Amino acid sequence: MKKPVKQSSKENIYSLVGFGKVFRFTLVQTLKNKSFVVTAILMIFMMAMMKPLMYLMSRSADSAKARVEATLDNVEADKLIIYNETAFLFDADMEAAPVATDRPANAVKKENVKFLNQDQAKEDDLITSLGAKDILVVIREESGNYKVNGIITDDSSVSVKSLDNATEYVRTKFSALRQSRMNLDESVMKSLSSGVSTGSVLSESEYMDEKEHTMSSSEFNGIVFGFAFIIMIVASLSSSYIISSVNEEKQSKLAETLLVSVRPMALLLGKVLGMLCFVAGTIVLGVIASATSNYVMEHVMHLDMSALGDAGINLAIFTGYGVKGLVVFLAEVLIGICSFGVLSGILGSACSKVEDQQNATTVVMTLSMVGYFGAFILSSKPELLTVGAMVPPLSYYIAPVSYIGGRIGIELLLVSFVIQMAVLLGLTMLAAKTYRNLLLSDSSKPKFASIFAAAKN
């Protein structure tokens, strides 16, 4: 006769019994929470309006620039003297730009704007002849560069704003003169003024490595910004939601009820993944709203959006580098966000009162911002890029981009993923050991002290 198998009374702390129930419950409760929903709607609206706002700002800047270049309406003075000491001589019939009919009464009159070359007057004489409401603008060449300086008397009543507007007017007028004399269009002028960068001295092997990169430095920096922004936004939103939700259930004693039928590990992961789904849905809707607003501006309103390039929120970072890019980026997002989410759940369960939420959120936000800004710093420092790709939380932001950009190989990427998975596994094991004790505790110990104390017990 076989003896009955004795059931172990020891609970499996890694059991996921009840995970689906918690996941669905978290998602439904989040959608019912007005503050969460309002925040999500605002986020979607901001993403939808990003490119329209950039377009309006660019139009305002262009309008302001055109106004300065075309008129003298915002230069309040009795007389404006423009003295040229360069080799680009003014024409004898050089005239001021047209002025508006409704211009301010105290703006400088067109007939009181004089253009003088170096052979027509002396600078000292012009300065001594200035009145209290006169402006002298001198154009000179120093060390191969052109400089425009505005001069007024010591007791002048001319405002600083008018002086700045006058010098800006002269600068644009002089630039147009140089352009016309050399028969150059605006694109050529920009090319000539952009300069040439000598960069740094490279060894033969470094030079060949640079040539073999799959994308340029500017494109690499752009993709670093885009991917780091996505990670930071999702990590920030999800951590705040998770900490708030966990602490709210702890304060309302709902967690105690759930722990009767749900294992602690299932409770934590169900809540973390439920909140991450809510945040991911918000981001996806924001991307759709951004793409819709872009389509309306370009194809319905027929606005010229070329100057804005790829500004705004889009999914090109995931779809623009083939299947390899899609798999690598999505894998990194999943690992990184789960790591931030589990950490947020642990810290949220360690909160004893509502006021503690701010401290817990600050810890996660600090780690997120370290990775975000660290990605920008490392993207321009090849010698530190490999190190950053290996060290969390920096590796969440920089490792996949470094691989897609040809800065590291597949071997280093896999090592980076292994390290990140080890960190996630460590956080998960810590959560399994501490989550129940922290939820049921009202300890007033410092947060990390209470977490490690719960792990020992």
Side-chain angles (χ1 to χ4, degrees), residues 19 22-23 26-27 30 36 39-40 43 224-248 265 267-284 286 317-318 328-351 356-376 378 388-401 416-432 434-435 438 447-448 451:
F19 168 80
V22 177
F23 177 84
T26 300
L27 204 53
T30 303
F36 288 170
T39 302
M43 182 69 183
V224 166
F225 171 79
F227 186 70
F229 180 79
I230 292 173
I231 293 286
M232 184 195 67
I233 289 296
V234 178
S236 300
L237 284 176
S238 59
S239 62
S240 177
Y241 289 166
I242 291 170
I243 291 172
S244 175
S245 179
V246 169
N247 192 36
E248 182 179 328
M265 197 71 244
L267 180 59
L268 174 61
L269 293 185
K271 179 166 293 297
V272 168
L273 294 182
M275 295 301 298
L276 290 181
C277 280
F278 174 76
V279 175
T282 301
I283 299 296
V284 170
I317 194 170
F318 293 101
V328 170
F329 284 131
L330 287 181
E332 186 63 86
V333 169
L334 182 61
I335 296 173
I337 299 308
C338 284
S339 299
F340 281 115
V342 173
L343 177 62
S344 300
I346 296 173
L347 294 175
S349 64
C351 297
D356 294 339
Q357 290 181 201
Q358 184 62 44
N359 294 332
T361 303
T362 299
V363 173
V364 182
M365 287 291 293
T366 300
L367 291 174
S368 175
M369 296 304 292
V370 166
Y372 180 70
F373 288 110
F376 289 103
L378 295 180
M390 298 296 110
V391 180
L394 291 173
S395 59
Y396 301 141
Y397 297 81
I398 203 72
V401 185
S416 177
F417 277 170
V418 169
I419 295 174
Q420 293 174 32
M421 288 298 297
V423 172
L424 177 58
L425 179 61
L427 289 172
T428 303
M429 294 178 66
L430 179 63
T434 63
Y435 197 61
L438 291 174
K447 294 300 168 289
F448 285 106
I451 290 174

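In this text the structure is predicted, and so the values were computed from the model without any measurement. Every heavy atom of this structure was used, including side-chain atoms; hydrogens, water molecules and symmetry mates were not. Sequence positions, counted from 1, serve as the residue numbers for this chain.
- Within a 6.0 Å radius of CE in Met421, other residues, nucleotides and ligands contribute 12 heavy atoms or fewer.
- Between atom CG of residue Leu425 and atom OG of residue Ser339 there is a gap of 10.5 Å, rounded to the nearest 0.5 Å.
- To the nearest 0.5 Å, the span separating CZ on Phe340 from CG on Leu347 amounts to 11.5 Å.
- With rounding to the nearest 0.5 angstrom, the OH atom of Tyr241 is 14.5 Å from the OG1 atom of Thr26.
- Checking side-chain atoms of Ser238 against main-chain N and O of Ala235 turns up a donor-acceptor pair under 3.5 Å.
- Contact detail for Val328 and Pro400: the closest heavy-atom pair is CG1-CB, 3.4 Å.
- When side chains are defined from C-beta on, Ile337 does not count as touching Tyr396, because their heavy atoms never get closer than 4.5 Å.
- Across all their heavy atoms, Cys277 and Leu27 have their closest contact at CB-CD1, 4.2 Å.
- Tyr372 contributes atom OH, which lies 8.0 Å from atom CD1 of Ile233 (distance to the nearest 0.5 angstrom).
- Panel note: side chain Ser244, backbone Ser240; no donor-acceptor pair is recorded below 3.5 Å.
- A 4.5 Å side-chain heavy-atom check between Leu273 and Phe19 finds at least one atom pair inside the cut-off.
- Of all heavy-atom pairs spanning Pro392 and Gln420, the tightest one is CG-CG, 4.4 Å.
- Between Leu269 and Val342, the closest side-chain pair of non-hydrogen atoms falls below 4.5 Å.
- Nearest approach of Val364 to Ser239, heavy atoms of both residues: CG1-CB, 3.4 Å.
- To the nearest 0.5 Å, the span separating CG on Leu430 from CD1 on Ile346 amounts to 4.5 Å.
- The two residues Ala375 and Ile398 come nearest to each other via the heavy atoms O-CD1, 3.8 Å.
- Within the model, atoms CE of Met365 and CD1 of Ile243 stand 10.0 Å from one another, a figure rounded to the nearest 0.5 Å.
- Within the 3.5 Å criterion, the main-chain N or O of Ser368 finds a donor-acceptor partner in the side chain of Tyr397.
- Nearest heavy-atom pair, Ala389 versus Ser416, reported as atom, atom and distance to 0.1 Å: O-OG, 2.6 Å.
- Side-chain contact check for Ser344 versus Thr361: every heavy-atom pair is 4.5 Å or farther apart.
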